[in-house]
Amino acid sequence: MITDSPRFEPFSPDPHAVISESGEWIAPFDLDLDDDTLRGMYRNLVLARLIDERLVRLQRLGKTSFVAPGAGHEGAQVGIAHAIEIGRDWLYPYYRDTGLVAAIGWPLEKLFGQMLATRADPARGRQMPAHPGSRALNVFTVASPIASHVPPAVGTALSQKIAGKGDVTVCTFGDGATSEGDWHAGVNFAGAQGAPIVFACENNRYAISVDLNHQTGSGGIAAKAHAYGMPGYLVDGMDVLACYYVMREVVANAREGLGPALVEMAVYRYGPHSSADDDSRYRPAEEVAAWRLRDPIARLRRFLERRSLWGDEAEEGLRSEIAGELDEAVAAAEAAGPQDVDTLFEDVFAELPAHLERQRERYRLARRAAGEDG
Amino acid sequence: MITDSPRFEPFSPDPHAVISESGEWIAPFDLDLDDDTLRGMYRNLVLARLIDERLVRLQRLGKTSFVAPGAGHEGAQVGIAHAIEIGRDWLYPYYRDTGLVAAIGWPLEKLFGQMLATRADPARGRQMPAHPGSRALNVFTVASPIASHVPPAVGTALSQKIAGKGDVTVCTFGDGATSEGDWHAGVNFAGAQGAPIVFACENNRYAISVDLNHQTGSGGIAAKAHAYGMPGYLVDGMDVLACYYVMREVVANAREGLGPALVEMAVYRYGPHSSADDDSRYRPAEEVAAWRLRDPIARLRRFLERRSLWGDEAEEGLRSEIAGELDEAVAAAEAAGPQDVDTLFEDVFAELPAHLERQRERYRLARRAAGEDG
Amino acid sequence: MAVQTFVQTVARTLMQEMRRDDRVVVLGQDVGKRGGVFLATEGLFDAFGPDRVIDTPLSEAAIIGAAIGMAVHGLRPVAEVQFSDYVFPGFDQLVSQAAKLRYRSGGSFHAPMVVRMPAGGGVKGGHHHSQNPETHFVHTPGLQVVYPSTPRDAQGTLRTAMRGEDPVVFLEPKRLYRAVKEEVSDDPDATLPVGKGVLRREGDDVVLISYGASMAETVQAAAALAQQGIEADVIDLRWLLPWDEELVLERVARVGRVVLVSEAPRTANLVSEVAATIAEEILDMLEAPPVRVTGFDTPYPYAQDRAYLPGVNRILYAVQQVLEY
Amino acid sequence: MAVQTFVQTVARTLMQEMRRDDRVVVLGQDVGKRGGVFLATEGLFDAFGPDRVIDTPLSEAAIIGAAIGMAVHGLRPVAEVQFSDYVFPGFDQLVSQAAKLRYRSGGSFHAPMVVRMPAGGGVKGGHHHSQNPETHFVHTPGLQVVYPSTPRDAQGTLRTAMRGEDPVVFLEPKRLYRAVKEEVSDDPDATLPVGKGVLRREGDDVVLISYGASMAETVQAAAALAQQGIEADVIDLRWLLPWDEELVLERVARVGRVVLVSEAPRTANLVSEVAATIAEEILDMLEAPPVRVTGFDTPYPYAQDRAYLPGVNRILYAVQQVLEY
Ligand SMILES: Cc1ncc(C[n+]2csc(CCOP(=O)(O)OP(=O)(O)O)c2C)c(N)n1
Ligand SMILES: Cc1ncc(C[n+]2csc(CCOP(=O)(O)OP(=O)(O)O)c2C)c(N)n1
Ligand SMILES: [Mg+2]
Ligand SMILES: [Mg+2]
């Protein structure tokens with residue numbers, strides 16, 4: 001049962017967890033989620049993992065140029081997705097959050113359209129893969145410069161505060177992002193104004209090859225909340241329910257006007273930083289293997305199995321169902337076809353200014369002169 | 001007596017002080033400074049105050065274009081000056097630190113030369129008043145963009161660490177500076193690397209008109225050290241001896257390889273932000289009056305008087321001595337004469353490149369054509 | 001018609017627009033109680049309170065970045081950067097976020113916002129209170145850039161900027177803040193078109209092109225020339241991106257001689273672009289080389305504050321060169 | 001003579017200079033154990049350890065700023081910004097501190113340092129991994145700027161930059177990192193002079209001017225022209241600030257026709273400056289307008305990665321215009 005009083009301590013030395021590695025409920029409060037919700041969370045975890053695997057395959061086939069694998073982050077991402085009001089609250093995710101945008105229901109055709117930069121991409125193929133965004137779902141389109149979305153996220157939260165309707169913003173990022181000046185600038189402004197925003201760090205202890213101890217002297221991320229006068233929570237990011245419950249609490253607090261919070265979710269990325277990376281250069285295989293044993297999907301499955309909510313059959317059904325959805329989505333995204341060359345001149349401003357019109361025209365002439373299409 | 005064990009607790013709720021408002025020694029350790037040193041500190045406090053007053057007068061006379069009054073900050077600045085090894089350690093001060101550079105013995109003729117932008121300025125009149133710097137004394141020339149000196153200060157400290165000679169860097173700034181991204185970037189890097197640097201904040205609770213609660217949600221500055229894994233100390237900045245002792249301790253720690261620290265000195269600026277400001281627009285006169293009662297000069301004087309180290313006669317002598325020095329320094333600075341116009345093209349690069357030579361030449365021709373000198 | 005200085009016009013236009021549209025918010029350092037260090041936001045805090053006139057922490061990234069997120073969410077923020085020299089800690093927010101948002105999101109999001117900043121030298125501020133950073137903005141696709149030189153133009157362009165759908169960098173010539181008073185329009189909807197410059201004076205002997213603070217010296221130079229019987233066409237670009245290619249090419253083609261004035265550093269200055277465009281488009285109409293009079297390629301010096309500027313004498317010298325060619 | 005790719009040359013030149021001068025340190029994101037995301041610092045960490053090859057936090061302001069403070073204190077830092085698109089969070093350190101330090105301190109302090117950054121498009125990176133920010137640097141007095149296009153030039157200019165006394169922004173054309181191998185010098189002191197460009201090819205019909213990544217297409221265009229019997233002079237500017245005005249004016253005056261190529265956005269591009277200078281200095285020698293072929297004034301698109309670039313066809317089209325004029 002949810003109460004108004006905080007259930008989680010900020011600045012705890014150990015990460016908050018609500019289910020054990022073996023799948024037991026270990027929280028000092030009662031589970032208040034119905035079975036369908038729990039199965040829905042599980043589905044989202046598996047969906048995220050399978051999208052990830054599909055993307056890696058598409059990249060190897062040369063169909064997409066870049067992948068930022070999310071495997072190992074699903075617990076954090078799905079926990080966040082279930083803690084917000086979709087379509088009401090705002091999300092400012094980062095490039096590794098494919099599992100998050102899938103979990104809030106961003107249509108898979110668009111998701112793969114973005115990855116393949118076809119006409120199925122609502123962003124018209126303008127950005128690299130792994131840069132989702134949705135006006136309809138209030139998902140601010142991901143940008144590559146690390147932490148550059150943090151001050152804008154705070155602006156949206158300030159706007160929500162002014163509007164006074166109790167809407168909140170959730171802004172996610174990695175551990176490395178916390179070193180950027182823009183991260184500090186944004187989080188500090190939120191603290192000074194008591195903006196309704198939750199900063200959620202998916203701390204996988206590496207920024208590409210740079211480990212956490214080269215990133216900061218603070219040991220962890222939650223402690224940084226002290227600098228801004230807000231509570232900082234450390235959560236076991238491999239425990240999707242812990243992520244969900246902590247997020248639910250801080251989102252509720254922000255909604256009620258109690259101000260921002262920083263949540264550190266201890267996760268791990270199983271794969272390389274991206275399809276362009278070779279992580280064996282900087283981290284031991286044993287470390288990866290040890291974290292894989294703590295898999296968030298396996299953990300929730302154990303929890304569900306203990307409650308007889310899941311089994312091999314359900315698992316098989318789910319996986320083939322999702323695989324079918326992915327097949328369809330990829331096919332639809334591909335079928336949408338490539339972006340038109342001339343769209344490259346659009347959306348710079350609300351209206352096409354004369355100088356861009358001239359540049360477009362001249363480019364057409366040059367193409368024509370060279371016997372190219374157009 | 002100095003011991004190796006820390007004498008001051010980091011993150012104390014109340015500011016550290018070693019002498020009371022009425023001038024009593026209240027520290028739990030023995031004073032270990034000789035009388036001359038104490039009188040020297042007092043002299044530096046008065047020197048700082050009198051320079052300040054002189055500058056305000058020069059500005060009103062139209063002899064300088066800008067003043068950033070330091071009155072109320074002298075305790076912090078003189079405390080810092082006495083805690084470092086001058087000429088060995090490095091200082092990265094900010095524009096309000098006139099009292100600091102005077103206290104480490106920067107020649108007054110140069111100081112006023114900088115203020116008046118005459119040839120007595122080692123920086124050749126290139127910057128606004130209140131931007132001191134000295135190669136000989138390892139004082140990195142002040143720049144106007146707030147906090148932009150913090151990452152360079154960390155670089156110097158890293159270089160000192162690599163050199164391994166136990167030299168340290170002290171970097172000062174105001175409370176407002178802590179909101180800048182560059183401040184965070186620098187302090188975080190220092191924390192990650194354990195660089196031998198002390199960050200000293202002269203917290204006067206205002207950044208021009210913006211008060212501390214609009215600046216940050218953290219209530220104070222020392223707590224921000226948590227974010228970087230370094231100790232943060234809160235000190236009564238109106239107690240010069242407390243500033244000195246805390247600085248001495250953290251400088252010694254940095255020298256020994258124990259890493260960086262953040263020191264918050266609670267001060268107040270009696271005057272407006274600068275000669276261009278009108279502080280009555282944003283703060284009550286009573287607040288200013290209340291802080292003036294806590295004056296660091298009066299406080300040390302009471303302490304000295306209790307020990308019979310000071311009296312009216314000494315005070316009069318000191319003030320007229322300093323006044324004479326200031327007269328001389330101002331006169332010498334003025335006598336040095338204005339900067340030559342053509343120096344405007346120098347010091348962009350080590351050597352004058354062809355394009356600047358052409359620009360200089362063309363400018364000479366234009367001046368000649370207009371019947372101007374040159 | 002009210003007679004106002006430049007800075008008063010900024011404050012009053014902000015006041016009017018905030019009354020007209022409650023989505024407008026103002027944010028920046030000292031814009032609240034203090035009314036801005038130049039008083040460009042004077043009176044707003046008392047009129048609209050802390051929700052709509054926000055004193056921010058000392059971080060340009062926070063100011064510009066928050067403005068983006070506000071604009072995305074439906075507000076119409078006007079951010080102030082205290083001096084244009086201090087835009088650089090917030091430059092990434094302008095370049096990586098504001099400028100590219102509409103493009104990179106395929107139009108899903110856009111940021112209708114204005115970033116105001118006092119610019120230019122001649123105020124004894126040294127290089128960190130005197131720079132003219134417009135090149136950095138005009139070279140960043142996705143930003144509109146305005147740099148008016150008179151109260152009337154400030155009124156019209158600021159309104160246009162605030163009512164537009166794109167991020168606009170609005171530069172204000174601080175040394176002209178209080179230099180002149182002029183009548184401004186009483187029409188609460190008086191706007192000026194995007195991308196249009198204006199002829200300040202007409203003449204057949206030479207075209208002078210400038211914008212922002214340097215317009216003052218350019219107009220003075222034209223007056224001095226008139227005394228010698230030389231009639232100059234004077235173009236105030238006013239909007240720097242898009243800039244008024246049509247007006248420039250038309251006038252320069254007619255006259256055949258042109259001097260371009262800007263107080264930003266010379267290399268890759270906006271007037272380099274204008275000169276290059278003139279050479280590319282109407283080479284055959286030129287009777288003399290397009291000569292540029294600019295700030296020097298040095299940081300802005302304190303002691304030689306005025307010497308750095310393209311003053312009247314340097315403009316006249318260039319005109320003489322162009323006429324004698 | 002060793003045959004090396006561009007990126008190998010960078011790594012090996014760094015290695016040689018670090019051996020030669022123990023004041024040289026390298027810092028940046030992933031430059032240590034990882035050897036850089038492009039392997040431009042491969043081997044350095046093993047050879048020199050964590051004191052001289054420093055993996056930094058994810059902050060370009062920390063990287064560039066710390067390099068300044070190290071340089072001031074006597075080291076010779078080479079900082080890496082992982083992509084030139086990510087220089088903007090550290091841009092203030094470059095503009096406000098590095099560029100102005102010698103000037104503002106009257107020569108009391110200076111910062112001999114190099115900031116390396118892979119730049120340019122054609123790698124399917126979208127606008128945040130493809131930009132060419134050189135205009136921002138050449139417009140900032142106090143910075144030297146280099147953008148070589150071949151392994152040999154990279155070797156010589158990087159050494160010159162590292163041994164110089166000024167802050168240098170060193171741009172590396174990432175799409176050419178592994179595109180060609182060429183022989184580089186074995187002379188451990190092989191340097192190239194500051195501010196000097198180079199003629200890649202000689203011809204009398206038209207001068208092509210470019211630099212950095214676009215040199216590849218420019219040289220290809222020249223080859224295609226040669227097949228049609230048109231002989232192009234090809235200038236690789238290589239040093240962008242100071243740029244080689246002497247070489248450019250001499251060759252363009254001789255030929256009278258010029259096409260300028262740069263993949264940065266068009267408005268206020270470095271080639272705008274070059275074109276404006278040509279028009280200002282040698283107008284009468286021109287037989288056709290100086291035509292610029294540049295990146296478009298849009299953010300860099302992902303889907304039309306190659307279309308954005310000034311490719312061979314666009315260069316040929318411009319040459320045809322200039323020749324038919
Ligand atoms: C401003 C900026 N600098 C550098 C990069 C290059 N880069 C991309 S991802 C990354 C590491 C990010 O690490 P972290 O924030 O921990 O997120 P993770 O990838 O581990 O989820 C870096 C350095 C960038 N995208 N933006
Ligand atoms: C990057 C930057 N932004 C804005 C300014 C304008 N400015 C000068 S001083 C100041 C306030 C600084 O306050 P604080 O750091 O508390 O120092 P104090 O003046 O109180 O000693 C501001 C906003 C600046 N110099 N640099
Ligand atoms: Mg990480
Ligand atoms: Mg202050």
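Values below: all heavy atoms of this structure, side chains included; hydrogens, waters and symmetry mates excluded. Each chain gets a letter, A, B and so on, in the order its sequence line appears, and its residues count up from 1.
Counting heavy-atom pairs under 4.5 Å between each of C:K100, C:Q144, C:R23 and chain A puts C:Q144 at the top.
The shortest side-chain heavy-atom distance between A:F349 and C:V194 does not fall under the 4.5 Å cut-off.
Only the backbone of C:D55 comes within less than 4.5 Å of a heavy atom in chain A; its side chain stays farther off. Contact of A:S134 with chain C is made through the backbone alone, with heavy-atom distances under 4.5 Å. Only the backbone of A:E346 comes within contact range of chain C, with at least one heavy atom under 4.5 Å from a heavy atom of that chain. For A:H149, the parts lying under 4.5 angstrom from a heavy atom of chain C are both the backbone and the side chain. Only the backbone of A:V142 comes within contact range of chain C, judged by heavy atoms closer than 4.5 Å. For a residue to count as touching a neighbouring chain, one of its non-hydrogen atoms must lie under 4.5 Å from one of that chain's; by this rule A:Y92 touches chain C with the side chain only. A:L158 touches chain C through its side chain: at least one heavy atom from C-beta onward sits under 4.5 Å away, while N, CA, C and O do not. Contacts of C:S59 with chain A are made by side-chain atoms alone, with heavy-atom separations under 4.5 Å and no backbone atom involved.
Judged purely by atom type and a 3.5 angstrom limit, C:Q93 uses its side chain to pair as donor or acceptor with the backbone of A:S148.
When the shell of 6.0 Å around CD of C:E246 is examined, it contains 12 or fewer heavy atoms from other residues, nucleotides or ligands.
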